[in-house]
Amino acid sequence: MIVKTITCHQVYNYGASLQQLALVEFLNSHGYTTESISYKPSYLADVHKLFSCVNPKWNKNIITKVGYISVKLPQRLKLLKRKKQFNSFESKYIPVTDKVYIDNEQLKAIRHDADVFICGSDQIWNPLFPNGTDPAFYLDFVQNNEALKISYAASFATDSLPQENIDFVKNQVSNLDLISVRETSGQKILNQLGFTKVEQVLDPVFLLNKKQWNNYAKDESEAKKYILIYDFDNNPNIKKMAKKIAKKHGFFIIGLNQNLKYVDKNYYLKGPSDFLSLIRDAELVLTTSFHALAFGLIFERRLGVFNRHISINTRMRDLLDLVGLSDHLIENSQDLDLTDFDINYATINVKLESHIKRSKDFLLGSITSKYKKGK
């Protein structure tokens with residue numbers, strides 16, 4: 001059976017790349033012929049081009065555009081090293097379609113040979129970004145009525161939809177045969193829109209276990225013990241806590257974001273394999289990232305997850321609640337030491353394994369329902 005998936009592709013984000021790999025790898029390991037659609041709409045692809053000017057404020061005329069690009073170019077040239085590592089990792093591990101598609105209409109115009117189409121995971125339905133209103137991420141392009149259309153762990157990444165998005169989302173989701181979302185908050189959104197059969201499942205990264213993820217990680221990360229920081233907000237509370245614990249215990253501080261100036265080493269130019277090994281070997285992970293949290297759980301690390309005061313914070317909150325770790329969501333500069341981040345994984349893994357089994361059962365059961373329905 002042929003399965004095709006669609007998600008935010010080649011956006012040079014650790015979580016986006018690894019969840020895409022996980023879904024395809026899991027399905028292929030169960031005997032399906034699976035590949036991801038190489039979908040690169042301009043609103044995703046242009047951001048990563050050397051000479052692009054996606055900011056409308058500076059795209060008014062040639063003078064402001066050239067000025068904007070000139071300022072951005074040195075950093076973009078530096079980021080080519082990061083892009084190269086991501087491209088190498090993805091070309092090695094993620095099977096994708098030969099053809100690149102740039103919009104939903106182009107996807108509609110071709111004949112698709114798949115038996116099953118899956119949209120997900122990650123923030124494909126986030127209403128704060130253009131992908132949230134892109135019909136392609138709801139499988140609108142699938143014209144073959146015989147093909148099964150499934151969402152797997154699709155995420156709104158927010159507690160509610162803007163009023164102007166409601167009709168669009170309702171119409172698009174109604175065309176799916178089976179629906180699952182990543183967060184309980186997403187489940188509530190769809191329930192409120194009248195969709196009663198919505199399954200909450202885990203992010204695809206949980207479809208692979210610790211041993212399997214180790215196959216994609218570097219053999220070694222750092223010889224010295226370290227705290228790993230993955231923080232999009234440059235949160236001052238993370239800085240304060242990391243420096244205090246590092247000083248007390250003699251740890252290095254390693255960062256994964258270019259805006260972190262206080263770390264001893266910064267690996268933001270590294271690729272997904274380094275991301276995995278750095279989380280795996282960390283003494284403590286302090287983060288504002290959903291996927292750093294997810295892999296911290298998979299690799300059984302000490303974890304501190306800091307609240308983001310933006311709507312996409314629901315992703316971390318819902319996952320922590322699901323496994324009984326809501327006390328690891330930190331609101332402020334609490335006076336915490338290393339042992340305060342200890343996690344009893346014997347207990348947590350029992351809960352996690354239950355949710356993993358349920359997620360796998362939904363995914364594999366949804367695909368076999370193609371035959372049960374007589375499609």
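- Panel note: side chain Gln123, backbone Ala157; no donor-acceptor pair is recorded below 3.5 Å.
- Counting only heavy atoms from C-beta outward, the side chains of Ile245 and Phe341 approach each other to under 4.5 Å.
- A salt bridge does not link Asp318 with Lys188: none of the charged nitrogens is closer than 4.0 Å to a carboxylate oxygen.
- Side-chain contact check for Asp134 and Tyr43: at least one donor-acceptor pair (N or O, by modelled atom type) lies under 3.5 Å.
- A side-chain N or O of Ser36 and one of Gln20 form a donor-acceptor pair less than 3.5 Å apart.
- Distance check, rounded to the nearest 0.5 Å: CG of Leu256 to OG of Ser289 gives 9.0 Å.
- Residues passing the salt bridge (charged side-chain N to carboxylate O under 4.0 Å, His left out) test with Lys92: none are found, sequence neighbours excluded.
- Pairing each heavy atom of His328 with each of Leu303, the nearest pair is CD2-O, 2.9 Å.
- Within the 3.5 Å criterion, the main-chain N or O of Tyr12 finds a donor-acceptor partner in the side chain of Arg82.
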Next item on the list: Begin from the C-alpha positions of Val181 and Ile189 and carry the test side-chain contact (heavy atoms from CB on, under 4.5 Å) through to its verdict.
Entry: CA-CA 10 Å; Val181 292; Ile189 286 172; over 6 Å; no

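- Cluster membership check: Val24 does not share its hydrophobic cluster with Leu139, using side-chain heavy-atom separations under 4.5 Å among Ile, Leu, Val, Met, Phe, Trp and Tyr.
- Under the 4.5 Å side-chain criterion, counting only non-hydrogen atoms from C-beta, Lys360 is in contact with Phe26.
- Annotation for Lys78: atom NZ does not count as buried by contact number, only 12 or fewer foreign heavy atoms lying within 6.0 Å.
- Relative orientation of the Phe156 and Trp125 rings is tilted, given thresholds of 30° and 60° on the angle between their planes.
- The backbone N or O of Glu25 lies less than 3.5 Å from no partner atom in the side chain of Asn28, so there is not a single donor-acceptor pair.
- Minimum heavy-atom separation, Lys351 to Gly324: NZ-CA, 3.9 Å.
- A salt bridge is defined here as a Lys NZ or Arg NE, NH1 or NH2 lying under 4.0 Å from an Asp or Glu carboxylate O, and Lys244 with Asp335 meets this definition.
- Judged as a ring-ring contact (aromatic ring centres under 6.0 Å, His included), the pairs with a partner in residues 163-205 (not counting sequence neighbours) are, in order, Tyr138-Phe168.
- In Asp219, the CG atom is not crowded: 12 or fewer heavy atoms of neighbouring residues, nucleotides or ligands sit closer than 6.0 Å.
- To the nearest 0.5 angstrom, Ser91 atom OG is 9.0 Å from Gln10 atom CD.
- Between Asn234 and Tyr262, the closest side-chain pair of non-hydrogen atoms falls below 4.5 Å.
- Minimum heavy-atom separation, Asp177 to Ala147: OD2-O, 3.8 Å.
- Judged by distance alone, the side chains of Arg358 and Gln200 do bring a donor and an acceptor atom under 3.5 Å apart.
- Put simply, the side chain of Tyr152 gets close to the backbone of Leu202: a donor and an acceptor are under 3.5 Å apart.
- In terms of heavy-atom proximity, Leu23 sits nearest to Gly120 at CD2-O, 3.7 Å.
- A cation-pi arrangement is present between Lys99 and Tyr101 under the rule of less than 6.0 angstrom and at most 45 degrees off the ring axis.
- One finds the OG1 atom of Thr288 at 7.0 Å from the CG atom of Asn257 (value rounded to the nearest 0.5 Å).
- Here the two rings, on Phe251 and His249, have centers that are under 6.0 Å apart.
- Between the side chain of Ser88 and the backbone N or O of Gln85, no donor-acceptor pair lies under 3.5 Å.
- The aromatic ring centroids of Phe232 and Tyr230 lie less than 6.0 Å from each other.
- The pair Arg302-Glu283 meets the salt-bridge criterion, since a charged nitrogen lies less than 4.0 angstrom from a carboxylate oxygen.
- Residues Lys108 and Asp140 are in side-chain contact: their nearest non-hydrogen atoms beyond the backbone lie under 4.5 Å apart.
- When each of Tyr216, Phe89, Phe275 is tested with Tyr14 by the rule ring-ring contact (aromatic ring centres under 6.0 Å, His included), just one qualifies, namely Phe275.
- A donor and an acceptor atom, one from each side chain of Asn349 and Glu300, are located under 3.5 Å apart.
- In this structure, the side chain of Thr368 engages the main chain of Leu364 through a donor-acceptor pair within 3.5 Å.
- Two residues are said to be in side-chain contact when any heavy atoms from C-beta on lie closer than 4.5 Å; Glu199 and Ser366 fail this criterion.
- Nearest heavy-atom pair across Ala282 and Arg301 is O-NH1, 2.8 Å.
- Val11 and Leu269 sit in two unconnected hydrophobic clusters of ILVMFWY residues. Membership requires side-chain heavy atoms under 4.5 Å apart, directly or through other members.
- Side-chain contact between Phe295 and Val285 is absent, with no heavy atoms from C-beta onward closer than 4.5 Å.
- Judged by distance alone, with hydrogens and angles left aside, the side-chain atoms of Arg280 form a donor-acceptor pair with the main-chain N or O of Lys218 at under 3.5 Å.
- The stretch residues 162-176 participates, sequence neighbours left out, in no side-chain hydrogen bond (donor to acceptor under 3.5 Å, both in side chains) pair at all.
- Looking only at atom types and distance, the side chain of Thr97 has no donor-acceptor partner in the side chain of Glu35 under 3.5 Å away.
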